[in-house]
Trainee: 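Below are the C-alpha cells for one structure; questions will follow.
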2 protein chains.
Amino acid sequence: MKKARYHHGDLRHSLIKAARDMIKEGGIEAVSLRKLADRVGVSRTAAYHYFKDKNILLCTLAQEGFHIWQEEADRIFQDEKMSHEDRYKAYIRWYMTYALENAEYYDLMFGRAIWKQNTATENLKATAYDVFQKQVAITRQWQKYGVLPAGEDSLRLAQVTWGTLHGLARLLIDGIYSDDSPIDEICDCAANLLMDK
Amino acid sequence: MKKARYHHGDLRHSLIKAARDMIKEGGIEAVSLRKLADRVGVSRTAAYHYFKDKNILLCTLAQEGFHIWQEEADRIFQDEKMSHEDRYKAYIRWYMTYALENAEYYDLMFGRAIWKQNTATENLKATAYDVFQKQVAITRQWQKYGVLPAGEDSLRLAQVTWGTLHGLARLLIDGIYSDDSPIDEICDCAANLLMDK
DNA sequence: AACGCAATTTGACAGTGTCAAGATTGATGG
DNA sequence: CCATCAATCTTGACACTGTCAAATTGCGTT
C-alpha cells in the first residue's frame with residue numbers, strides 16, 4: 001500500500017502501529033527503533049521527528065493502553081445486568097485475564113521501564129492518575145453498596161485492592177507462580193479476602 | 001589492594017560484589033559487563049568464564065538476594081516476643097520497607113528481566129520455590145492461629161497475600177502511586193483486609 | 001520558477017553483549 | 001629445576017543498540 005516515497009505521509013501513526021505489533025510479538029525488549037523503522041520502510045532516525053526519545057514513544061503507547069484499559073473497565077463498571085457483588089467479581093476476573101492475555105502490553109503500562117525514566121511524559125502520568133482516580137471513585141461506590149468494607153479510607157482501600165490485583169497479575173505474568181496456577185481459584189480467593197464479609 | 005596481575009585470584013566474588021554495588025547505585029539497567037570488568041580491573045570478556053550469560057550473573061545475584069530475604073523474614077516469623085497478630089503486621093511492614101529500601105535489588109529478584117529469560121537458572125527457580133513454600137507453610141500456621149481466614153486454601157491464600165504485598169511494593173517502588181503515599185497507612189489497610197476479622 | 005521549510009536520509013559515535021582465537025600464568029610431574 | 005598443561009585472562013571482531021549533526025529531498029506557497 002505504502003510506496004517508497006520520500007514523504008511517508010502518515011509516519012507517526014505507522015510507527016505507533018508497528019510498535020504495537022512489535023510489542024505483542026516479542027515484548028518491550030524486542031522493540032528497537034531501527035527494526036521499527038525497517039518495518040515501516042523508513043530510515044533509522046526518522047522516528048526522532050515524532051518522538052524525542054525511544055522512551056517517549058513507549059510512553060505514548062502506554063497512554064493509548066491506559067485509554068483502552070479504562071474503556072474496557074468502564075464496560076464492567078456500568079453493566080447494570082449484574083449485582084454489585086457480581087460486578088466486582090467480574091472486574092477481578094477481567095483484570096487478571098486481560099492482564100495475562102495482553103501481558104506484554106501490561107508490562108509496558110505498569111512496568112518499570114517507563115515510570116523510572118525521568119523523561120516520562122507528564123501526559124502519561126496525568127492519564128494514569130486519571131485512571132487511578134476513577135478507581136478510587138468506583139471503590140467509594142462499592143463501599144457504599146457494601147461490597148467493600150466501609151470502614152476503610154477509600155483512597156487507601158483503592159490502593160490496596162489495586163495492589164492485590166496488580167501483584168497477582170505480575171506474579172502470574174512473570175511466571176513466578178508455577179505455571180499451572182488456576183486463575184479462577186486465585187480470583188475467588190482474592191475476592192473473598194477483599195470483599196466485605 | 002588488587003594489583004594488575006594476570007590472575008586476579010578471586011574474580012568470581014569480585015564480580016558479584018561489584019555487580020551488587022552497581023545495582024544499588026544505578027539499578028539493573030546500569031549494570032553492564034564491560035563497566036563491571038572495568039571496575040574490577042579486568043578485561044571485558046573475563047566474566048564469561050564464570051557466568052555463561054549476563055543473565056546468569058543476574059540470576060546468581062537474585063538468588064543471593066532471596067537467601068538474605070528469607071533470613072530477614074525468618075527473624076520476624078520466629079520472634080516470640082510478639083503476638084501472632086503483631087507478628088503478621090510486623091511482617092507486612094517489614095516487607096514494604098525492605099522492598100522500598102532495597103528497591104533496585106527487589107527489582108532484580110522479582111522483576112521480569114530474569115524470569116522471562118529462558119536461560120533462567122534452575123537454581124534460581126528452585127530457591128524462589130523454596131521461599132514461596134515456606135511462605136505457604138507460615139500462612140498455614142497463621143490460619144491455625146486465627147490471624148488469617150481458616151476457610152481458604154492455604155496455597156491460594158499465600159498466593160493472594162503475597163500478591164498484595166508484591167503489588168503494593170511494585171506500585172510504590174515504580175512511583176505509580178503518588179510519592180507522598182504514607183506507607184504506614186497502606187500497611188494498616190492491607191492488614192485489615194487480609195487478616196481474619 | 002524559485003524559494004522556504006518540513007520530512008527524511010546519511011554518516012558518525014559511543015555504547016552494549018558475545019564469540020573465537022590468542023596470550024599469560026600458576027601448578028604439576030619428570 | 002624446568003618443561004608441560006590446563007585454567008585464566010586478553011585482544012580482536014561482529015552485530016546490535018540509541019542518538020546527534022549535517023546533508024538531502026520534495027511539497028506547498030509566493
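If you're wondering where the values come from, they're calculated on a predicted model, not measured in any experiment. Each chain gets a letter, A, B and so on, in the order the sequences are listed, and its residues count up from 1.
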Trainee: Any chance the side chains of A/Tyr95 and A/Trp162 put a donor and an acceptor closer than 3.5 Å?
Mentor: yes
Trainee: May I ask you to evaluate whether A/Ser32 reaches the phosphate of D/dT17, defined as a side-chain N or O under 4.0 Å from OP1 or OP2?
Mentor: yes
Trainee: Could you give the CG-to-P distance, from A/Asp53 to D/dT17, as a whole number of Å?
Mentor: 17 Å
Trainee: When the distance from CG of A/Leu36 to P of C/dT9 is rounded to whole Å, what number comes out?
Mentor: 13 Å
Trainee: Quick test of your reading of the model: are B/Arg93 and B/Asp184 salt-bridged, counting only N-O distances below 4.0 Å?
Mentor: yes
Trainee: Considering only side-chain heavy atoms of B/Arg44, which listed nucleotide, C/dG11, D/dG12, D/dC9, is closest?
Mentor: D/dG12
Trainee: Is the closest side-chain donor-acceptor distance between A/Asn192 and B/Glu152 under 3.5 Å?
Mentor: yes
Trainee: Heavy atoms under 4.0 Å, any strand shown: does B/Tyr50 hit a base, just sugar-phosphate, or nothing?
Mentor: sugar-phosphate
Trainee: Given atom CG of A/Leu57 and atom P of D/dG18, what is their separation to the nearest angstrom?
Mentor: 10 Å
Trainee: With respect to the phosphate group of C/dT8, does any side-chain polar atom (N or O) of A/His49 fall under 4.0 Å of OP1 or OP2?
Mentor: no
Trainee: Could you check how far CD1 of A/Ile28 sits from C1' of D/dG18, rounded to whole Å?
Mentor: 17 Å
Trainee: Looking at B/Tyr48, does any N or O in its side chain come under 4.0 Å of the phosphate oxygens OP1/OP2 on D/dC9?
Mentor: no
Trainee: Can you check the B/Lys54 NZ to C/dC19 P distance for me, whole Å?
Mentor: 14 Å
Trainee: Could you state the CG-P distance from B/Asp38 to D/dC9, rounded to the nearest angstrom?
Mentor: 16 Å
Trainee: With distance as the sole criterion, do the side chain of B/Thr45 and the base of D/dT11 form a donor-acceptor contact below 3.5 Å?
Mentor: yes
Trainee: Determine whether a donor-acceptor pair (N or O, by modelled atom type, separation under 3.5 Å) exists between the side chain of A/Ser181 and the backbone of A/Tyr177.
Mentor: no
Trainee: Between C1' on C/dG15 and CZ on A/Arg34, what's the gap in Å once rounded to a whole number?
Mentor: 12 Å
Trainee: Does any non-hydrogen side-chain atom of B/Thr121 lie less than 4.5 Å from one of B/Leu124?
Mentor: yes
Trainee: For the pair made of CD in A/Glu29 and C1' in D/dT17, what is the distance, rounded to whole Å?
Mentor: 12 Å
